Amino acid sequence: MARDLFEAARDAMARCHAPYSKFPVGAAIRDSDGKIHAGANIEVISFPEGWCAETTAISHMVMAGGSRIREVAVIAEKLELCPPCGGCRQRLAEFADADTLIHLCDADGIRKTLRMDELLPYAFETGAIG
Ligand code: THU
């Protein structure tokens, strides 16, 4: 069950740049064409300038020409399960659908799966722009 996505997230975690928090995170996205895009957290000495693993994965998807997120895997080796932070929930929602699956993983594989609308209920939307 989405083993390839889990493995991509786990392998991406090893590429984190997290010298300040020492908290490696990996994320992997399967887009609507079935392609996988992975990312890790990247920290900066001016701490607020760093960003999350999910954000790296989203940017890889967009630059590879992907448009919609079908499912996501997230892993952090120092946390049993690593639910995406609030900012990343909003970023994921930008490219996800209500039934997009977010898999929370540990070292052995997927441990918990949530839908996007469970992870970010009552999300900000506007019909007024665009
Ligand atoms: N982090 C992520 O990569 N994703 C999340 O959803 C939560 C937090 C990273 C940011 C920072 O590099 C480290 O975890 C500690 O907060």
Side-chain angles (χ1 to χ4, degrees):
M1 176 180 113
R3 186 78 195 169
D4 55 349
L5 201 64
F6 157 70
E7 287 173 356
R10 183 198 57 198
D11 293 351
M13 180 169 64
R15 296 187 178 273
C16 77
H17 175 73
Y20 309 109
S21 72
K22 302 197 187 330
F23 189 85
V25 185
I29 289 169
R30 194 188 317 276
D31 72 19
S32 50
D33 295 326
K35 283 196 207 151
I36 291 178
H37 312 276
N41 51 330
I42 299 176
E43 298 179 350
V44 175
I45 195 163
S46 176
F47 298 158
E49 304 305 331
W51 62 91
C52 292
E54 297 90 327
T55 300
T56 306
I58 290 168
S59 66
H60 280 158
M61 181 191 81
V62 172
M63 295 317 295
S67 54
R68 302 301 295 170
I69 299 175
R70 194 193 294 166
E71 53 182 340
V72 185
V74 184
I75 182 169
E77 65 186 23
K78 291 184 176 169
L79 206 57
E80 201 174 312
L81 296 177
C82 183
C85 77
C88 285
R89 292 177 196 210
Q90 189 72 57
R91 293 186 194 100
L92 290 167
E94 182 74 20
F95 302 97
D97 300 302
D99 61 355
T100 292
L101 299 180
I102 292 88
H103 306 292
L104 309 182
C105 308
D106 68 11
D108 297 320
I110 294 168
R111 287 290 161 261
K112 187 176 177 68
T113 297
L114 296 152
R115 288 165 50 108
M116 190 69 230
D117 59 0
E118 293 178 293
L119 199 64
L120 187 63
Y122 203 54
F124 171 68
E125 281 182 71
T126 173
I129 302 172

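On a predicted model such as this, the values are computed, not experimentally measured, just so you know. Just follow the structure's listing: the first ligand is 1, and inside any ligand the first atom is 1.
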Show me the short polar-atom pairs for ligand 1: any N or O of it lying under 3.5 Å from a protein N or O, with distances only.
unit_1   : atom_1 : unit_2 : atom_2 : d
ligand 1 : 3 (O)  : Ala53  : N      : 2.9
ligand 1 : 4 (N)  : Glu54  : OE1    : 2.8
ligand 1 : 6 (O)  : Glu54  : OE1    : 3.4
ligand 1 : 6 (O)  : Glu54  : OE2    : 2.8
ligand 1 : 6 (O)  : Cys85  : N      : 2.9
ligand 1 : 12 (O) : Asn41  : ND2    : 2.9
ligand 1 : 12 (O) : Glu43  : OE2    : 2.5

Would you please name every residue forming a salt bridge (Lys or Arg N to Asp or Glu O under 4.0 Å) with Glu71, sequence neighbours left out?
Arg30

Before accepting this row, confirm whether a basic side-chain N of the pair Arg70/Asp31 lies closer than 4.0 Å to the acidic partner's carboxylate O.
no

Residue set satisfying salt bridge (Lys or Arg N to Asp or Glu O under 4.0 Å) with Arg15, at least two apart, ordered chain then number -> none

By ring pair (Phe, Tyr, Trp, His ring centres under 6.0 Å), which residues pair with Tyr20, not counting sequence neighbours?
Phe47

Within the 4.5 Å heavy-atom criterion, are His37 and Lys35 side-chain neighbours or not?
yes

So, Asn41 side chain and Phe23 main chain: donor-acceptor pair closer than 3.5 Å or not?
yes

